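On a predicted model such as this, the values are computed, not experimentally measured, just so you know. Numbers here simply count residues along the sequence, with the first being 1. Heavy-atom basis, side chains included; hydrogens, waters and symmetry copies ignored.
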Amino acid sequence: MIEMKVSGVILDSASRHPIVMLRDQEERRALLIWIGEPEANAILMALEGIQAPRPLTHDLAVLLLGKLDAEIKRVLISDMREQTFFAEIELEKDGKVISVDARPSDAIALALRAGAPILVASDVMTNNSIPINPAKEEEEAEKFREFLQNVKPGDFGKFTQD
């Protein structure tokens with residue numbers, strides 16, 4: 001699993017649908033998830049620290065969990081099937097972990113409000129993420145290729161067989 005942070009919400013230039021952009025901690029790869037407008041607004045409000053005068057849906061959910069002594073531990077973007085991402089919200093109550101199926105947009109909006117980490121399954125990242133800075137990745141790959149061309153067995157020290 002790879003921890004991600006919300007980079008922002010952007011609009012798809014063709015469809016004008018909102019997209020939440022997650023990026024890994026090293027800022028190498030991004031995961032783009034198309035979402036609905038209400039969820040985009042909820043994510044943007046959390047990112048910008050905007051508080052509504054009365055609790056909105058995601059705020060209410062976090063408040064209810066708190067009243068029930070349950071805590072959002074993390075959210076996980078766990079799968080992608082038929083062009084649809086799937087997520088799970090992991091709650092903790094009385095020392096037990098409870099996993100709840102959720103849309104990624106709702107899970108992200110809740111995680112932002114609860115200060116919970118957002119994780120993406122490794123295979124989801126491998127199959128669906130895009131490079132943020134392809135030039136930087138290529139530069140690092142080139143340095144590694146140069147290292148491999150110039151390395152000598154003696155560079156690794158002496159090893160004995162048992």
When rounded to the nearest 0.5 angstrom, what is the spacing between [atom1] in [X] and [atom2] in [Y]?
{"X": "L119", "Y": "D24", "atom1": "CG", "atom2": "CG", "answer": "12.5 Å"}
{"X": "L31", "Y": "R23", "atom1": "CG", "atom2": "CZ", "answer": "13.5 Å"}
{"X": "L76", "Y": "F86", "atom1": "CG", "atom2": "CZ", "answer": "13.0 Å"}
{"X": "L22", "Y": "I2", "atom1": "CG", "atom2": "CD1", "answer": "11.5 Å"}
{"X": "M45", "Y": "D59", "atom1": "CE", "atom2": "CG", "answer": "7.0 Å"}
{"X": "E26", "Y": "E3", "atom1": "CD", "atom2": "CD", "answer": "10.0 Å"}

May I have all residue pairs that pass side-chain hydrogen bond (donor to acceptor under 3.5 Å, both in side chains) and include part of residues 63-79, sequence neighbours excluded? R74-E90, S78-E88, D79-R81
Heavy-atom distance under 4.5 Å between the side chains of [X] and [Y], does that happen here?
{"X": "I33", "Y": "I19", "result": "no"}
{"X": "N128", "Y": "V120", "result": "no"}
{"X": "L110", "Y": "V75", "result": "no"}
{"X": "L32", "Y": "I130", "result": "yes"}

Minimum heavy-atom separation for L47 and G8, please, with both atom names.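 Smallest heavy-atom distance, with atoms named: CD1-CA, 4.2 Å.
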Please report the shortest heavy-atom distance between K5 and Q25, naming the atom on each side. N-NE2, 4.1 Å
Please check if [X] and [Y] belong to a single hydrophobic cluster, counting links between Ile, Leu, Val, Met, Phe, Trp and Tyr side chain heavy atoms closer than 4.5 Å.
{"X": "L56", "Y": "I72", "answer": "no"}
{"X": "V100", "Y": "L65", "answer": "yes"}
{"X": "M21", "Y": "W34", "answer": "yes"}
{"X": "L64", "Y": "V62", "answer": "no"}
{"X": "L11", "Y": "L44", "answer": "no"}

How far apart are the C-alpha atoms of N127 and M80, what are their side-chain angles, what is the distance that settles it, and do they pass the side chain to side chain contact (heavy atoms under 4.5 Å, CB included) test? CA-CA 9 Å; N127 297 325; M80 182 188 206; over 6 Å; no
Counting neighbours of CD on Q51 that are heavy atoms of other residues, nucleotides or ligands and sit closer than 6.0 Å, is the number greater than 12?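 No, the 6.0 Å shell around CD holds no more than 12 heavy atoms from other groups.
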Neighbour count >12 (heavy atoms, 6.0 Å) for atom CD, E37: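 Check fails, neighbour count at 12 or below.
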Could you pull out all donor-acceptor pairs under 3.5 Å where a side-chain atom in residues 102-109 meets a protein atom, sequence neighbours excluded?
| from | atom 1 | to | atom 2 | distance (Å) |
| --- | --- | --- | --- | --- |
| R103 | NE | D106 | OD2 | 2.9 |
| R103 | NH2 | E39 | OE2 | 2.8 |
| R103 | NH2 | D106 | OD1 | 3.4 |
| R103 | NH2 | D106 | OD2 | 2.8 |
| D106 | OD1 | H58 | NE2 | 2.8 |

For V97 and L91, what are the C-alpha separation, side-chain angles and deciding distance, and is it a side chain to side chain contact (heavy atoms under 4.5 Å, CB included)? CA-CA 6 Å; V97 175; L91 307 171; over 6 Å; no
Would you say D94's side chain and K96's backbone share a donor-acceptor pair under 3.5 angstrom? no
Whether the side chain of R113 engages the backbone of A42 through a donor-acceptor N/O pair (distance < 3.5 Å, no angle test) should be reported. yes
